[in-house]
Amino acid sequence: MPDHKYDHQAVEDKWLQFWEASRLFCGGDLNLAEEEKKDKEYLLYAFAYPSGSGLHVGHVEPKTALDIQARFKRMNGKKVFFPVGWDAFGLPAENYAIKTGIHPRETTKTAINTFRSQVKRLAISYDWDSEIATNHPEYYKWTQWIFQQLYKKGLAYQSEGKVNWCPSCQTVLANEQVVSGLCERCDSEVIQKDLKQWYFKITQYRDELIEGLKSVDWPSPTKSQQNNWIGRSEGAEADFAIKGSSEKLTIFTTRLDTVLGATFMVISPEKFDQKKLIKLLSTENQQKVQDYIGLAYKKTEETRKIGEKDKTGVDTGLLVINPFNQEEIPLFVADYVLGGYGTGAIMAVPAHDERDLAFAKKFNLKVKEVVADGKLINSGEFDGLSSSAAVKKMLVAYPEFARLSINYRLRDWLISRQRYWGAPIPVVYDPEGKAHLVKEEHLPWVLPDDVDFKPTGESPLRSSKEFKARVEKLYGKGWTPEYDTMDTFVDSSWYYLRYCSARDKSQFADKEHLKTWMPVNLYLIGPEHIVLHLLYSRFFTKFLRDEGYLDLPSGEPFAKMRHQGMILGPDGKKMSKSKGNVINPDEIIKEYGADTLRVYEMFMGPLEADKPWNPRAVAGVARFLRKIYRLVNREIAKYGDSSLKLKLVEDRADLVQKLHWAIQKLSLDLPELKYNTAIAALMEFGNVWEKMDSDTELLLEKEEILSFIKLLAPLAPFISEELYDQARVLGLSAKNSIHLESWPKYDESLIQKNFTNIAIQVNGKLRGQMEWPTNRLQDKEAILSQAKSLEAMNKWLIDKEIKKEIYVPGKIINLVVV
RNA sequence: GCCGCGAUGGCGGAAUAGGUAGACGCGCGAGACUUAAAAUCUCGUACUAGCAAUAGUGUGUGGGUUCGAUUCCCUCUCGCGGCACCA
């Protein structure tokens, strides 16, 4: 008998070298023949940021999950595209540069090299020929090109106004990057600043961004989270005249039916300013209101939102006329009404709105109830109507001052960043300060090198002499560059398109390639990207489609999406260096090998769940793989002894049954990403095999051994390659690699057992069981009479009257007795 | 407050067009091999009572529908995620 010891180190090193040399999954031809296109499978893992600390066990899970999918689909004859790249611009590298003076280009390069070798060590079967990095000029050239296309269509614009500013990162942030008033990166409190910044007009696509969610196969909580973020809200606008002025005040409400209950009006400080209403006020009120607005501006929008539920405000002294009853009601300025939503003004109905009620109580204002028991009251001609009927009637009866209106929570996307390590915004300014696009022949508009990283509150690019000189040389004296760079989310909003033509120098992506490969068939992404990245990517895809660059009618880039959960520390808490509960994948690989790491992470539980790391359970998986190795290795070796015979059919029926059952189980579970139960099925087969283990008889036919190795291949690519290689002596290993083999087939008739176990219940409680020939499961009469005559059933049936007999074929009998 | 998700042995988790709860793994107990240990293998392992056969209880709480509920409906509790003065 040969040596069954499994030397994971030697075996894995050997096959790593072999795969690298044979370039197994690289250089895939992205041009597919027409008949192959229906078999295309584009698998995508969320762009990773190559952090300096290297691969984390949390990265291993989704990468492995997709790699299993890639290998399984390939074995099933699919044309798989499984590319890799790096979201390489971003703050950590720049912050590191500020500390150490090492250029981000250098640290990023080192980090990518580390990540690349770690990913290869895990046998993730990426097509490395399509590798991209967002910091590469050949990549960001097209990021800049897309900016320019947006600009030409009026979807990239500059606007001056209040923006979120992180004092620690020294940059502005998108609304989406402000979490509860804090910077999502560094947790500093975000303040408001007046700045002229670049925006992308994502709001143009807001309805389509809602509509498109209906057609994609995404987890429904994800869809509803996106929906909530876009925040479509149907309501009405109504015009209220300001007494003694030709000015009118337009408000937005979702409860027009309560308009007769409006006892005061509120306008936001910003809107009051914008509308220049101050001139209508008496001198003393002017002073009061001015003071209040000044105070409100000092608070950040975020602290206004969260901190103070306590209402503040000031009476303007103005009166506003309710067009529905001509009642004159006071107008307040208060910051609980937000300037950026709706019309920035509301009618306050304290009887039917908590916030208005709180304000009314504080300022001693009237409360008038207008809806009771679902019907309108105190509302004149509308009394007795339901809320929805009242709204309809109001809109029809008074079109001159009330109309349907829809509002959205989604704002335009602020993309300017006052940081160095990003793609420069491809814009230059003429001596008058007017913006012009950088000429297309000057793209990529290269990020200058001679930059001082130290934060000054201004864009670092201002410190580059080369940058300024470049602009004057190309565009003329007095011309200046745009010094801001783009939000890194811009880079990652189109990378899945670039993959399809990673080396194309003439265009952002080839239209034919895009048509062939888009949409992505499976996108695996962490739940933290649900709002930002997905919304932005969908916006870009729809825009490029509308411009004719992408033949994808839905404009939905990700047909199917799933999320991976978080790998928690052994203590059940999120891994962090400070808690000391971080598991290093390199150490696991060193001790047990990459196969064990992969299989363990897939076995921990459902992919989408958060799961704690269990060091003992890792050893259990290693034990399982060693056992499998031993069994297969021995079985192959037995074929070298011609005196050994195959065990009799009836004696090995259980093993054959289990094998075919396992093939079926994996064929169903793997495409569903149910890896934990798939691995459990392999373990069950291993257990049956082990119990039957014999030195004197063959247990499996050659083809059956091969089938089992194939089942293992997507999950544990090293050990299965090794066993496949050893199985060459059987004369069945026809390919260069197990990973080029085809997926095994199962025989349904072999999965069926001759006898089926039927449970017998009395009044719904399990009281007995019996075996019954599987081919006679439909014989209800015989089965019931057999069940009733079982000795074990006597005590439950004697002296009882059977009222009802239920038989579920092949499963259960329930006898209802009294 | 609103939206969404979840709760099953000592632990991670299986099983839901309603049909034998606890697959698989970890841990634990006993045994085999060994001078011994490690490794490996075998058996057992939801809880309670019992030597056992067996009986009772059991999928967060309380109720409902059903011959039968972890699965469907309602109520509540706890935990997690998102949004949050969005009118």
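Chain letters run A, B, ... following the sequence lines, proteins first and then strands; every chain starts at 1. The structure displayed is predicted, hence computed values, not measured ones.
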Under 3.5 Å, side chain of [X] to main-chain N/O of [Y], donor-acceptor pair present?
| X | Y | result |
| --- | --- | --- |
| A/Y629 | A/D7 | no |
| A/Y807 | A/G810 | yes |
| A/H533 | A/A46 | no |

Interatomic distance at [atom1], [N] relative to [M], whole Å:
| N | M | atom1 | value |
| --- | --- | --- | --- |
| B/rG27 | B/rU75 | P | 43 Å |
| B/rC11 | B/rC28 | P | 15 Å |
| B/rG31 | B/rA36 | P | 14 Å |
| B/rU65 | B/rC2 | P | 29 Å |
| B/rU45 | B/rG25 | C1' | 14 Å |
| B/rC74 | B/rC26 | C1' | 38 Å |
| B/rG56 | B/rC3 | P | 44 Å |
| B/rU70 | B/rA32 | C1' | 39 Å |

Nearest heavy-atom approach of A/Y292 to A/P269 is CE2-CG, 4.4 Å

Should [X] be listed as having a side-chain N or O under 4.0 Å from OP1 or OP2 of [N]?
| X | N | value |
| --- | --- | --- |
| A/S233 | B/rA87 | yes |
| A/Y341 | B/rA87 | yes |
| A/R616 | B/rG25 | no |
| A/K611 | B/rG12 | no |
| A/R409 | B/rA84 | yes |
| A/R255 | B/rA87 | no |
| A/K765 | B/rU20 | no |
| A/R623 | B/rC41 | no |

Reckon [X] touches a base, only the sugar-phosphate, or nothing at all at heavy-atom distances under 4.0 Å?
| X | result |
| --- | --- |
| A/V816 | sugar-phosphate |
| A/Q761 | base |
| A/K574 | nothing |
| A/K803 | nothing |
| A/P527 | nothing |
| A/Q769 | base |
| A/W218 | nothing |
| A/G620 | sugar-phosphate |
| A/N676 | sugar-phosphate |
| A/N687 | sugar-phosphate |
| A/N814 | base |
| A/N407 | nothing |
| A/R232 | nothing |
| A/E354 | nothing |

Please give the nucleotide sitting opposite B/rA38 as a Watson-Crick or G-U wobble pair, both distances under 3.5 Å, or none.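 When the pairing criteria are applied, nothing turns out to pair with B/rA38, so the answer is none.
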
Between [atom2] of [N] and [atom1] of [X], the distance in whole Å:
| X | N | atom1 | atom2 | result |
| --- | --- | --- | --- | --- |
| A/L249 | B/rA87 | CG | C1' | 13 Å |
| A/M604 | B/rC24 | CE | P | 20 Å |
| A/L815 | B/rG19 | CG | P | 19 Å |
| A/I812 | B/rA69 | CD1 | P | 11 Å |
| A/W613 | B/rG25 | CH2 | P | 18 Å |
| A/D356 | B/rG1 | CG | P | 19 Å |
| A/M347 | B/rA87 | CE | P | 12 Å |
| A/Y6 | B/rA39 | OH | C1' | 18 Å |

Charged N to carboxylate O below 4.0 Å: is that the case for A/E690 and A/R630? yes

Once you measure the plane-to-plane angle for A/F332 and A/F359, does it fall in the parallel (<30°), tilted (30-60°) or perpendicular (>60°) bin?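 Geometry flag for A/F359 against A/F332: perpendicular rings.
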
Syn-anti status, with the boundary at 90° from 0, for the nucleotide B/rG9: syn

To the nearest 0.5 Å, tell me how far A/T343 OG1 sits from A/E237 CD.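 A/T343 OG1 to A/E237 CD: 6.0 Å, rounded to 0.5 Å.
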
From CA spacing to verdict: side chain to side chain contact (heavy atoms under 4.5 Å, CB included), A/E635, A/W689: CA-CA 11 Å; A/E635 200 66 20; A/W689 189 354; 3.9 Å; yes

